[in-house]
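Reading through the structure tokens given below for one structure.
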Amino acid sequence: MRFDYDILVIGAGHAGCEAARAAALRGARVCLITMDIEKIAQMSCNPAIGGIAKGQIVREIDALGGMTGQITDRTAIQFRMLNLSKGPAMWSPRAQCDRGRFSAEWRRVLENTANLTLWQDQAVELLVENGKVAGVKTLWDNEFHAKSVIVTAGTFLNGLMHLGRIKVPGGRISEPASLHFSESIAKHGISVARMKTGTPMRLDARTIDFTQLTRQDGDNGWHRFSFVSEPRQLPQIPCWICNTNEEAHAVLRSGLSDSPLYNGQIQSIGPRYCPSIETKLHTFPDRDHHPLFLEPEGVDTNMLYLNGFSSSLPLKVQLESVRKIPGFENACIFRPGYAIEYDFFDPTELENSLESKKVEGLFLAGQVNGTTGYEEAAGQGLVAGINASLKLEGKAPFVMKRDESYIGVLIDDLTTKGVDEPYRMFTSRAEYRILLRQDNADARLTPYGHELGLIDNQRYTEFLHKQQDIARLVDVCGSYVVKPGELDSSLTAVGSNPVSAACKLSTIISRPDVTLRSVANEVAPLHEAIDNVSTAKDEVIESAEIAIKYDGYIRREQQEAQKMHRLEAIRIRNRFDYASITQISTEGRQKLEKFNPETLGQASRIPGVSPSDINVLLVLMHR
């Protein structure tokens, strides 16, 4: 049977959900095809959202009008703001979620999104006509036709699971792999390779002695993922910290001959920053312990996730080793850890819009682009959904600059540098991380979300009021002059020195131990401005304080970003025959010819293209 839509989304993981909803909200007729409607937005590995840099991505998704942040807040069972002891560029929200509720909430949202149809089936063939995508054929011999197809298949493309020497085809435990679909994509000249990831065992809480573990509670403050979420509704549950020991390591080493990572069974690339426990033993042979985090899977379940103990060793080795850890002597497991290999596509063959350079109308997002993590996938999915719908309208794609968002950094890294291992976002990947803070994601991106139709007028009006409130606080501090002796009591109370000469209030606020609230009672204009904050008072005060305290750093990064913007404005695609430019290094010519960058800024970030190569291009363009 034939079905016709504007856009098809293949796979209902975190990328697929954001892509389908965004495109549908923008008016496209969308069909989201998934192998199992009961597993929508499944948290395949740990039941958590956010973390260092990943939390910033989720805040950006929310600022643009995506749903991951709101759903995380609705289903959170523990929230923490990481790195509060460091500067605000490093602050990163993270939440444990109720796994079942997270999936159910995403399904509820999708089923109530206009223009969006869910279909349970499996895509087996990409349909392409004259170099343009035409749709997909499914396992049940249906044909779905559309002008754009967004592939967000996660780890399912030719997925192969490993437990010791046992190999089972599958995209997730107890779920079938998607066979042949990646071959139908690759035959159109799209490069395909293999990657590997893994997951730990799941433990029964009734068999753990928590008295031998260290309790880790969440934060009780006002921070959330979404700029519009209500306070958390679910009970907040602790996590637990412990360590491996030499006895556990000895058992693990005894099974290495059966490890698919070390017996030649797995040849593909694994994640550097989320290694298996056997990889940790191999990489750090002198360490006598490794930290573990025992995390709850939900409010109504005894299942626990053993973060830090990812493994594909045989079941017997996994169980015997974990029982050597204090508190786990009687541990029972619900299921073992395992590794999984899957297909991914070379992201350098994508435009920054995430559309394929080789098949028009084909978009790729998520782990199929070589990334790892729910957050990286969701960010890509949102961008792919936006751009697929913009393409229908004949409009230019939506592309964020590296100084505008971590999502922009992520996509630019993928499309210009490619991947040789599963890509994970860190704050260190961003040159302008003082600009890309979690507190100002809405200031950076909500105007885009409103323009794209993902942020409604009511939310946008509230956003404008918030920005006005922040500006008012900053202006008060920048104009009010503090006289000697005026703030002595407030400053002494926080351990700060009294003012010895007249200065602007902003200078006082710049001190690390002084806050707006700590001096507000002695500064009438500031007290009045805080009282008049209309919404999100805590957020407004935090953002204003950061803007004041880090003003010099922020201005410097903005200046650096402007320099890069000049290179980004110089378009060079198809303007040069790189092979004939002998003044450029051989490697530079080869890389420029391969990537055919859109702008000079993009060319400057391609590995192997030197600053002198860029200068040659500038000279040739008479710049």
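All heavy atoms count here, side chains included; hydrogens, waters and symmetry mates do not. None of these values were measured; they are calculated from a predicted model.
Residue Asn112 qualifies as enclosed at atom CG: its count of foreign heavy atoms under 6.0 Å is above 12. Under a cut-off of 6.0 angstrom, the local environment of CZ in Arg272 is sparse, with at most 12 non-hydrogen atoms contributed by other residues, nucleotides or ligands. Residue Tyr553 places its OH atom among 12 or fewer non-hydrogen atoms of other residues, nucleotides or ligands, all under 6.0 Å distant.
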Exercise. Apply side-chain contact (heavy atoms from CB on, under 4.5 Å) to Gln216 and Trp240, showing your working.
Key: CA-CA 5 Å; Gln216 184 185 53; Trp240 303 86; over 6 Å; no

Exercise. Please assess Leu364 against Leu354 for the test side-chain contact (heavy atoms from CB on, under 4.5 Å), listing each intermediate value before the final yes or no.
Key: CA-CA 6 Å; Leu364 303 173; Leu354 296 180; over 6 Å; no

Quiz item: Between Arg26 and Glu393, is a side-chain contact (heavy atoms from CB on, under 4.5 Å) present by the stated rule, with each step listed?
Solution: CA-CA 10 Å; Arg26 299 201 70 258; Glu393 301 166 13; 3.0 Å; yes

Exercise. Quick one: do Ser490 and Asn521 satisfy side-chain contact (heavy atoms from CB on, under 4.5 Å)? Show the steps, please.
Key: CA-CA 9 Å; Ser490 295; Asn521 288 335; 5.9 Å; no

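The pair Arg517-Asp538 meets the salt-bridge criterion, since a charged nitrogen lies less than 4.0 angstrom from a carboxylate oxygen. Using a 4.0 Å cut-off between charged side-chain N and carboxylate O, Lys563 and Glu431 make no salt bridge. Salt bridge status for Arg59 with Asp439: absent, with no side-chain N to carboxylate O gap under 4.0 Å. Under a 4.0 Å N-O distance rule, the pair Lys401/Glu568 does not qualify as a salt bridge. Residues Asp469 and Lys466 are not paired through a salt bridge, judged by the lack of any N-O separation under 4.0 Å between the basic side chain and the carboxylate.
For the atom pair CD of Glu105 and CD of Gln70, the computed distance is 9.5 Å after rounding to the nearest 0.5 Å. The distance from the CD atom of Glu598 to the CG atom of Asn352 is 8.5 Å, given to the nearest 0.5 Å.
Between the side chain of Arg224 and the backbone N or O of Trp222, at least one donor-acceptor pair lies under 3.5 Å. Side-chain atoms of Glu486 never come within 3.5 Å of backbone atoms of Val482 as a donor-acceptor pair (strictly under, hydrogens ignored). The main-chain N or O of Phe398 is found under 3.5 Å from a side-chain atom of Asn387 such that the two form a donor-acceptor pair. The closest donor-acceptor contact from the side chain of Glu60 to the backbone of Ile407 lies under 3.5 Å. Put simply, the side chain of Asp62 never gets that close to the backbone of Gly69: no donor and acceptor are under 3.5 Å apart. At distances below 3.5 Å, at least one donor-acceptor pair connects side-chain atoms of Ser604 with backbone N or O atoms of Gly601. Arg94 places no side-chain N or O within donor-acceptor distance of the main-chain N or O of Arg80, the cut-off being under 3.5 Å. Within the 3.5 Å criterion, the main-chain N or O of Ile509 finds a donor-acceptor partner in the side chain of Lys549. The closest donor-acceptor contact from the side chain of Asp412 to the backbone of Gly408 lies at 3.5 Å or more, if one exists at all. Judged by distance alone, with hydrogens and angles left aside, the side-chain atoms of Gln380 form a donor-acceptor pair with the main-chain N or O of Glu376 at under 3.5 Å.
When all heavy atoms are compared, the tightest approach of Ser496 to Arg511 is OG-NH1, 2.7 Å. Among all heavy-atom pairs drawn from Gln236 and Ala76, the shortest one is NE2-O, 3.2 Å.
Between Phe79 and Phe225, the two ring planes are perpendicular [angle over 60°; tilted spans 30° to 60°]. Between Tyr460 and His450, the two ring planes are parallel [angle under 30°; tilted spans 30° to 60°].
Of the N and O atoms on the side chains of Thr75 and Asp98, not one donor lies less than 3.5 Å from an acceptor on the other residue.
Side-chain contact between Val109 and Arg74: present, with at least one pair of heavy atoms (C-beta onward) separated by less than 4.5 Å.
Relative to the ring axis of Tyr550, Arg437 does not place its NZ or CZ within 45° and under 6.0 Å from the centre.
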